[in-house]
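Please read the structure below before turning to the comments.
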Protein chains: 2
Amino acid sequence: MPTEDAVPRRAGRPARLSKEAIVAAAAAIVEADGVEQLSMRRLAKDLSSTPMALYHHVEDKDELLLLLLEAHARGFPRPELPTEPRQRLLAAARTLHDVLADCPWIVEVLASDDLVAPSALWIVEDILDAAVRCGLTPEEAVHAYRVIWYYTAGELLVHFTRSRRRAEAGTPTHRDRAFAALDPTAYPRLTSMSGRWVALTTEDSHRRGLAAIITGLLSTDTTR
Amino acid sequence: MPTEDAVPRRAGRPARLSKEAIVAAAAAIVEADGVEQLSMRRLAKDLSSTPMALYHHVEDKDELLLLLLEAHARGFPRPELPTEPRQRLLAAARTLHDVLADCPWIVEVLASDDLVAPSALWIVEDILDAAVRCGLTPEEAVHAYRVIWYYTAGELLVHFTRSRRRAEAGTPTHRDRAFAALDPTAYPRLTSMSGRWVALTTEDSHRRGLAAIITGLLSTDTTR
DNA sequence: ACCTGAACACCGTTCAAGT
DNA sequence: ACCTGAACACCGTTCAAGT
């Protein structure tokens with residue numbers, strides 16, 4: 001849907017650049033070479049333009065990242081949710097994760113602003129709605145959303161950071177070295193579990209965590 | 001505990017710089033002006049040295065950040081934990097948060113490597129230990145730690161990112177603008193709760209979330 | 001209105017040289 | 001061994017000028 005040329009301009013050349021074209025080019029860079037490679041300069045080059053031309057269409061790099069999320073969320077269909085309240089909450093929370101799970105650049109968005117792209121807000125809405133249907137008060141529902149969001153954001157942060165690091169270096173990470181030098185008498189639990197540690201951070205493990213969290217959030221005696 | 005000058009060197013001048021001095025100067029910058037201001041160049045200037053002199057003592061900036069965490073954790077006393085298992089797990093998880101809650105630079109560490117500073121590993125050890133005392137299998141304990149860690153990391157990420165953004169700009173954030181333009185019929189839950197949204201992300205709300213998560217992790221029927 | 005070019009004020013890090 | 005200086009290869013963004 002190019003807005004460009006849709007209506008003939010009153011004067012001057014037609015715009016060579018457009019928000020859509022910029023976002024599409026940015027997505028292509030991220031897809032091909034990773035977020036690290038996304039810079040205003042590289043983006044301009046790919047568009048055969050200059051860095052400053054971009055600033056005529058987007059306010060700054062933060063807005064560009066948000067537009068990237070925006071475009072991604074728009075392409076993600078809002079799923080049908082189960083009617084049973086707990087299952088509904090679980091499914092809605094899962095969607096939050098799934099929508100973001102293939103956005104390696106989400107880490108940059110998290111570090112720049114909240115998850116407030118208009119086209120992504122239905123995800124929040126669905127979680128709040130499901131939480132209320134579970135019998136939570138509005139306050140409790142907001143709290144529940146927050147807990148779910150922190151868990152999800154943390155998981156994404158750790159996941160993408162690790163895979164980014166792995167991509168760039170073949171050398172063992174700080175973690176590997178630290179674990180190797182561990183004293184078993186001082187850290188009996190850690191050393192005995194260090195084998196199990198790496199064990200794939202599977203999709204399944206994320207879901208199990210979500211299920212546990214929701215059980216806790218819906219349980220009434222949390223105060224003990 | 002300056003290692004500098006402790007043993008007279010065999011030859012050459014005494015080192016002007018030391019790891020300790022570098023880390024201390026870095027901590028001072030972060031304390032005074034925030035992480036954004038911490039660069040190898042600024043650090044060198046504060047030490048009346050050159051950027052490249054630093055690389056003789058630390059491998060790169062990532063290691064410097066890890067050393068910062070290292071120094072911070074060393075100054076944090078390992079607390080006595082309750083013996084009742086659930087309370088113990090709760091307290092250990094709380095410690096994880098509390099140790100990091102006054103490290104605004106932790107976001108940079110998270111994005112660069114895992115939380116594996118040797119002097120901070122007792123925090124992980126204590127959580128695993130408490131989880132096992134609660135009756136979890138080693139696998140379950142590792143899983144529980146992970147859920148707690150993701151939740152905590154997410155909370156810290158969001159918290160520090162927000163306060164950083166607030167520090168730099170008086171202008172309303174993307175979030176404010178997005179919420180203001182919200183359509184109540186499309187997002188009934190969101191709009192009706194937008195007032196409650198800002199409601200202080202208190203220390204208390206973090207603890208309530210932790211309690212709920214632990215309830216869920218220790219509950220047996222999470223599969224329903 | 002839209003775009004360009006040069007410049008500002010930075011980064012982390014490598015390399016070759018000095019003492 | 002420890003440090004310096006110059007340089008490399010970048011950043012995001014501002015400003016003044018062009019059409």
Side-chain angles (χ1 to χ4, degrees), chain A residues 2-22 25-26 29 33-68 105 108 111-113 164-165 168-169 171, chain B residues 3-22 25-26 29 33-68 105 108-109 111-113 164-165 168-169 171:
Chain A
T3 57
E4 209 175 62
D5 301 320
V7 172
R9 281 157 202 283
R10 300 281 251 117
R13 310 156 280 207
R16 292 208 310 105
L17 263 34
S18 67
K19 231 170 186 159
E20 292 83 6
I22 291 172
I29 291 175
D33 301 315
V35 226
E36 313 79 72
Q37 297 304 315
L38 177 61
S39 72
M40 299 306 266
R41 292 169 126 101
R42 161 75 193 272
L43 186 52
K45 191 178 286 177
D46 284 14
L47 289 160
S48 316
S49 184
T50 62
M52 281 318 299
L54 304 176
Y55 286 87
H56 235 267
H57 301 266
V58 301
E59 205 169 324
D60 52 21
K61 203 187 173 181
D62 278 6
E63 198 198 304
L64 178 67
L65 288 166
L66 217 56
L67 288 172
L68 225 41
W105 38 267
E108 268 75 12
S112 85
D113 207 332
R164 205 176 294 187
R165 199 163 39 243
E168 67 197 25
T171 66
Chain B
T3 57
E4 208 175 65
D5 300 323
V7 172
R9 281 157 202 284
R10 298 281 250 117
R13 310 156 281 204
R16 293 208 311 102
L17 262 34
S18 67
K19 232 169 186 159
E20 292 82 4
I22 290 172
I29 290 174
D33 302 313
V35 226
E36 313 79 74
Q37 296 305 314
L38 178 61
S39 72
M40 300 305 266
R41 293 170 126 100
R42 160 77 190 272
L43 186 52
K45 191 177 285 178
D46 283 15
L47 290 160
S48 316
S49 184
T50 62
M52 281 318 298
L54 303 175
Y55 286 87
H56 234 268
H57 301 267
V58 301
E59 206 170 322
D60 54 19
K61 203 188 172 181
D62 278 7
E63 198 198 304
L64 178 66
L65 288 167
L66 218 55
L67 288 171
L68 225 42
W105 38 268
E108 268 74 12
V109 178
S112 85
D113 206 333
R164 206 176 292 185
R165 199 162 40 240
E168 68 197 23
T171 67

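These numbers come from a predicted model, not from an experiment. Chain letters run A, B, ... following the sequence lines, proteins first and then strands; every chain starts at 1.
- The same atom, C1', is picked in dC3(C) and in dA16(D); the two are 13 Å apart, to the nearest Å.
- Put simply, the side chain of Arg16(A) gets close to the backbone of Ser48(A): a donor and an acceptor are under 3.5 Å apart.
- With dT13(D), dT14(D), dC3(D) as the choices, the nucleotide that has an atom nearest any side-chain atom of His56(B) turns out to be dC3(D).
- Between Lys61(B) atom NZ and dC11(D) atom C1' the separation is 13 Å, expressed in whole Å.
- When the nucleotides dG5(D), dT4(C), dC3(D) are ranked by their closest atom to the side chain of Ala53(A), dT4(C) comes out on top.
- Residue Gln37(A) contributes atom CD, which lies 12 Å from atom C1' of dC11(D) at whole-angstrom precision.
- Atom CE in Met40(B) sits about 14 Å away from atom C1' in dC3(D), given to the nearest Å.
- Using a 4.0 Å cut-off, no side-chain N or O of Arg41(B) falls inside it from OP1 or OP2 of dC11(D).
- Considering every non-hydrogen atom in both His57(B) and Lys19(B), the closest pair reads O-CE, 3.5 Å.
- Set against dC3(D), dT13(C), dC3(C), the side chain of Leu17(B) has dC3(D) as its closest nucleotide.
- Secondary structure note: stems in DNA chain C built from 3 or more consecutive Watson-Crick or G-U wobble pairs under 3.5 Å occupy C:4-8 with D:12-16, C:12-16 with D:4-8.
- Candidate nucleotides dC3(C), dC11(C), dT4(D) were compared by shortest atom distance to the side chain of Arg16(A), and dC3(C) ranks first.
- Rounded to a whole angstrom, the distance from the P atom of dC10(C) to that of dA9(D) is 22 Å.
- Here dC2(D) presents its C1' atom at 7 Å from NE2 of His57(B), a figure rounded to the nearest Å.
- For Ser39(A), the listed nucleotide lying nearest its side chain is dC11(D); candidates were dC3(D), dC11(D), dT13(D).
- The side chain of Tyr55(B) has dT13(C) as its nearest neighbour among dC15(D), dG12(D), dT13(C).
- For DNA chain C, none of the residues of residues 42-50 of chain B falls under the heavy-atom distance limit of 4.0 Å.
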